[in-house]
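To keep things clear, I will list the structure first and then write my remarks on it.
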There are 2 protein chains.
Amino acid sequence: MLDRKTINPNVLNASYAVRGELAIKAESLRNDLKEGKKYPFDSVIHANIGNPQQLDQKPLTFFRQVVSLCEYPALLDESNSEAISKLYAPDAIERAKTLLSEIGSVGAYSQSTGVPYIRQHVADYITRRDGDKVPKASVDDIFLVAGASAGVHLLMQLMIASNDVGIMIPIPQYPLYTAALALYNGTPVPYYLDEESGWSTNIDSVKSAYDDARKNGKEPRAIVVINPGNPTGGSLEEKDIKAVLQFCKEKNIVCMADEVYQANVFPDSPPFVSFRKVLLSNKDLEGVQLASLHSTSKGMVGECGQRGGYLELLNFGKEAREELYKVQSINLCAPLVGQIVVDCMVNPPIKGEPSYEQFKKEEDGIFSTLQTRAMKLYETFQKLEGFECQRPQGAMYLFPQLKLPQKAIDAAKEKGKSPDAFYCMALLEQTGICVVPGSGFGQKEGTVHFRTTFLAPGDFGERMEKFHQEFMKKYT
Amino acid sequence: MLDRKTINPNVLNASYAVRGELAIKAESLRNDLKEGKKYPFDSVIHANIGNPQQLDQKPLTFFRQVVSLCEYPALLDESNSEAISKLYAPDAIERAKTLLSEIGSVGAYSQSTGVPYIRQHVADYITRRDGDKVPKASVDDIFLVAGASAGVHLLMQLMIASNDVGIMIPIPQYPLYTAALALYNGTPVPYYLDEESGWSTNIDSVKSAYDDARKNGKEPRAIVVINPGNPTGGSLEEKDIKAVLQFCKEKNIVCMADEVYQANVFPDSPPFVSFRKVLLSNKDLEGVQLASLHSTSKGMVGECGQRGGYLELLNFGKEAREELYKVQSINLCAPLVGQIVVDCMVNPPIKGEPSYEQFKKEEDGIFSTLQTRAMKLYETFQKLEGFECQRPQGAMYLFPQLKLPQKAIDAAKEKGKSPDAFYCMALLEQTGICVVPGSGFGQKEGTVHFRTTFLAPGDFGERMEKFHQEFMKKYT
């Protein structure tokens, strides 16, 4: 009998705020609205999760043409027909043909680590991205995964040998990390990001967190860095990346770089520099083990539902790779369509190719929309009493701090809720906007935050503004 | 530093023979052939894994039309155009439209448990399958997963609270189970299937395995039954299913029914009866917790690479479901395309619909090919000296027993290999055929088996026959 008494306590201990109480409530409100029930709002806005295509973002045409053809290869048999050439671009047809000649069928399992041809394209992409001053990336270092989350699970499963193993995570963090740590029964070793300086990584805070963990008998074996940041939206400077890697070298621990927002950095922010590039550019960092994650879910691609991503392992030995291969093989393989979307992401149309103009226009359009929406929401928050928000540098989120009146804090307490959960629930119930309380990500004791995506179109900011003003009036 | 000393010992302990040493060797032989190296064969045949579309099986057209349209919704905007109606069937267009109106975009995350509309179709399918003498299936019991493997992982993670928890597994078994048990550090409690009676489940063997485990201080919490069997190809009789469920009732343990081959049962075998139907047809079985798995990877669908499947939970309480939801939400959601393939599988074209004739023809063709190939291989094995093989009843595999000459057993020993691994490696090296040694699935001490799919076309059986005769000659 499986019940509370027998369920794995690690599972009971895990929590995942992004899809927690508020998300469930939002879903039920959406169903109510569908059935005609009346609320003070006419739609639910899921700002709790970076799910661009659920809101307004359109898929990139080239990507979808390639996948559509791979899924229905009969089309390729008549690819010279008028019908096909009217509907699909010639380079999409070419790409689909080449991929299928490598893959066979998208209905077949691939090799456990992913289609070798696509893994080579990932390596080529990394090589181009990091420039010719550092060594080329190797296909042997690339593992295709079902979204970065699957990569995180793999790594955690490999690294957490017992509860004495600590994994250093930023606070605030993306709650996948604490959830995975709970599931595999590792010990989270939190280090605090520096809110005042745009959520930068303060190496002193890292060092003291490490020392504290050691004092408590835990052995930190890895540090997670999310850059650009989730939920913070911050983009790290090269010197901070170097400091983290130096720390890894000194302590002989693994660096896990979550770089899924690498394409989402705004022009007036520190530009994205990969951990890999910094590692390989500095002789004194030689040998540091780096696991880097990327995904098709974010960036301008935004293909969350296709479940594509990759993991690059640098400086890991044969054994670790073989064990990773084994665990991947137990899961069979990442979805083939996700692997194809990875191929398109790392190898999009280039200048001169038939799909290039449209691709470029779509990509630029999405990028500028994201930036516009980020700035608009940021400016709304700037105006609001009790809001303190760092200027967005990238990713898909704002993580404002709220100074709530004592009366609101008391009201929350009375309801048995933390102030942030209380605020977010009121926001959802009155406006239909679903955001995630800061406590889901971690925040300094006594502070109140929430995370919201800036993906939603329309009057999203206005709804929030109106709600906040009424909330403040009510509790002041 | 992640190396052998620090890697999670549960990971080190896991093994997965289907993609183990032989599969890696097969892959490297395939690359060699591609590069022009000479071997005594001109192709590698992957008979190690049930991967129909890697071999010869064609995807079902209706399914692929629906997915192709969902991936490229621009086509639906002009669905009345001549081009589209030439390429896609009207009911595929209709299905894609309906699905997209429910899903939004296949590039968006769905709800963690899957698209509600598709889950309802799964419930409807189960209701139809099990007939009107038992209660209807409920959408609340259905969880969409990324292939049945993902469902198994979820359940193991939920159920294994410590190493004292035993999970009863058949021997031989599909090695996903022992692998998952190792990863989550549970204790396998093996019960032996009865080879002589077509690999049936012998309830006395189950009972004594249970008692032994209890004596050893372990607490069996669930029993896994694979029906139709993998690797055995056996189809269980209703009375055996009932006996297992009665046992679950008596011991208050969970029944995990792996029913992914439910569509692969040959006409002259005991017909497929679901554990659910037996459970709900017998008042005295009331309350038994049943977790049943199905997949898009097998059957006539054979869409392994799309990663679709579902898990049905019967008689589980609110808490277990909520915890399952949580773990699923930490993984975000199953791939949307896999979910769509599930929809097509449980809701294929019906008589009178435009795609029905073609669908039926394709499905029947695949079914009869499978049966023909199974019988052909079986008959080849019947002829061979030292082979003992049960008549295939379903699934995609044969699991013959080999009586090897002592000289072969000695030769294996000399090479530090088990006799089955020795035989299978020789087979691969001399014929390019990759099968899996019986030890990967478990076999009675002192017996020698291997598992082969019967999916491969062509001279597959002849190659095996010739090899075996030479092998026997060499070692007799």
Side-chain angles (χ1 to χ4, degrees), chain A residues 1-4 6-9 11 14 16 19 51 53-54 59 64-65 67-68 71-72 75 83 86-87 104-112 146-147 149 157-161 176 179 221 252 254 289 302-307 316-317 319-320 323 326-327 329-332 335-338, chain B residues 1-4 6-9 11 14 16 19 27 51 53-54 59 64-65 67-68 71-72 75 83 86-87 104-110 112 146-147 149 157-161 176 179 221 252 254 289 302-307 316-317 319-320 323 326-327 329-332 335-338:
Chain A
M1 178 89 171
L2 190 69
D3 58 19
R4 179 153 292 263
T6 53
I7 291 172
N8 178 359
V11 170
Y16 190 62
R19 296 203 156 194
N51 193 5
Q53 294 188 24
Q54 185 191 37
R64 293 302 194 87
Q65 288 193 347
V67 177
S68 173
E71 282 284 358
Y72 189 30
L75 300 181
K86 237 180 92 178
L87 299 169
S105 165
V106 299
Y109 297 122
S110 68
Q111 287 183 34
S112 309
S149 312
Q157 196 156 33
L158 227 64
M159 291 194 299
I160 300 173
L176 167 62
R221 291 257 175 88
N252 195 22
V254 173
Q289 290 187 327
E303 294 279 10
C304 303
Q306 317 259 22
R307 312 308 299 122
F316 283 79
E319 279 171 346
E323 294 302 318
K326 189 174 70 186
V327 181
S329 77
I330 296 170
N331 301 322
L332 294 162
L336 267 290
V337 166
Chain B
M1 176 90 172
L2 190 69
D3 56 20
R4 179 154 289 264
T6 53
I7 292 172
N8 177 0
V11 169
Y16 189 61
R19 296 203 157 195
E27 210 52 68
N51 193 5
Q53 293 189 23
Q54 185 192 36
R64 292 302 193 87
Q65 288 193 348
V67 176
S68 174
E71 281 285 357
Y72 189 30
L75 300 181
K86 238 179 93 177
L87 300 169
S105 165
V106 297
Y109 298 122
S110 69
S112 310
S149 312
Q157 196 156 34
L158 226 65
M159 291 194 299
I160 301 173
L176 167 62
R221 291 257 177 86
N252 196 21
V254 173
Q289 290 186 327
E303 296 278 11
C304 303
Q306 317 261 20
R307 313 306 301 122
F316 284 77
E319 279 171 347
E323 294 301 319
K326 190 174 70 185
V327 180
S329 78
I330 295 172
N331 299 322
L332 295 159
L336 267 290
V337 166

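Protein chains get the first letters and strands the later ones, always in sequence-line order, with residue 1 at the start of each.
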So which part of [X] gets closer than 4.5 Å to some heavy atom of chain A, the side chain, the backbone, both or neither?
X	value
B:Gln289	side chain
B:Ser149	side chain
B:Arg64	both
B:Ile160	backbone

When only pairs under 4.5 Å are counted, which of A:Asp3, A:Val106, A:Val327 shares the most heavy-atom pairs with chain B?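 Top option by heavy-atom pairs under 4.5 Å: A:Val106.
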Largest heavy-atom contact set with chain B, pairs under 4.5 Å, which of A:Ala14, A:Gly338, A:Gly302, A:Pro9: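 Of the options given, most contacts go to A:Ala14.
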Do you know which of [options] has the most heavy-atom pairs under 4.5 Å to chain A?
options	answer
B:Val254, B:Asn252, B:Val337	B:Asn252
B:Asn331, B:Leu75, B:Leu158, B:Leu336	B:Leu158
B:Pro59, B:Ala83, B:Ala161, B:Ser68	B:Ser68
B:Lys86, B:Gln54, B:Lys326	B:Lys326

Strictly distance-based, threshold 3.5 Å: is any side-chain N or O of B:Glu71 a donor or acceptor partner for the main-chain N or O of A:Val67?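 A pair under 3.5 Å: no.
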Measure from the side-chain N and O atoms of B:Asn51 to the backbone N and O of A:Ala108, and report whether any donor-acceptor pair falls under 3.5 Å.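 Judged by distance alone, no pair lies under 3.5 Å.
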If I take atom [atom1] from residue [X] and atom [atom2] from residue [Y], how far apart are they, to the nearest 0.5 angstrom?
X	Y	atom1	atom2	value
B:Leu2	A:Arg221	CG	CZ	8.5 Å
A:Met159	B:Thr6	CE	OG1	9.5 Å
A:Tyr109	B:Glu303	OH	CD	11.5 Å
B:Cys304	A:Leu332	SG	CG	8.0 Å

Shortest non-hydrogen contact from A:Asn8 toward B:Gln157: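 Taking every non-hydrogen atom into account, ND2-O, 2.8 Å.
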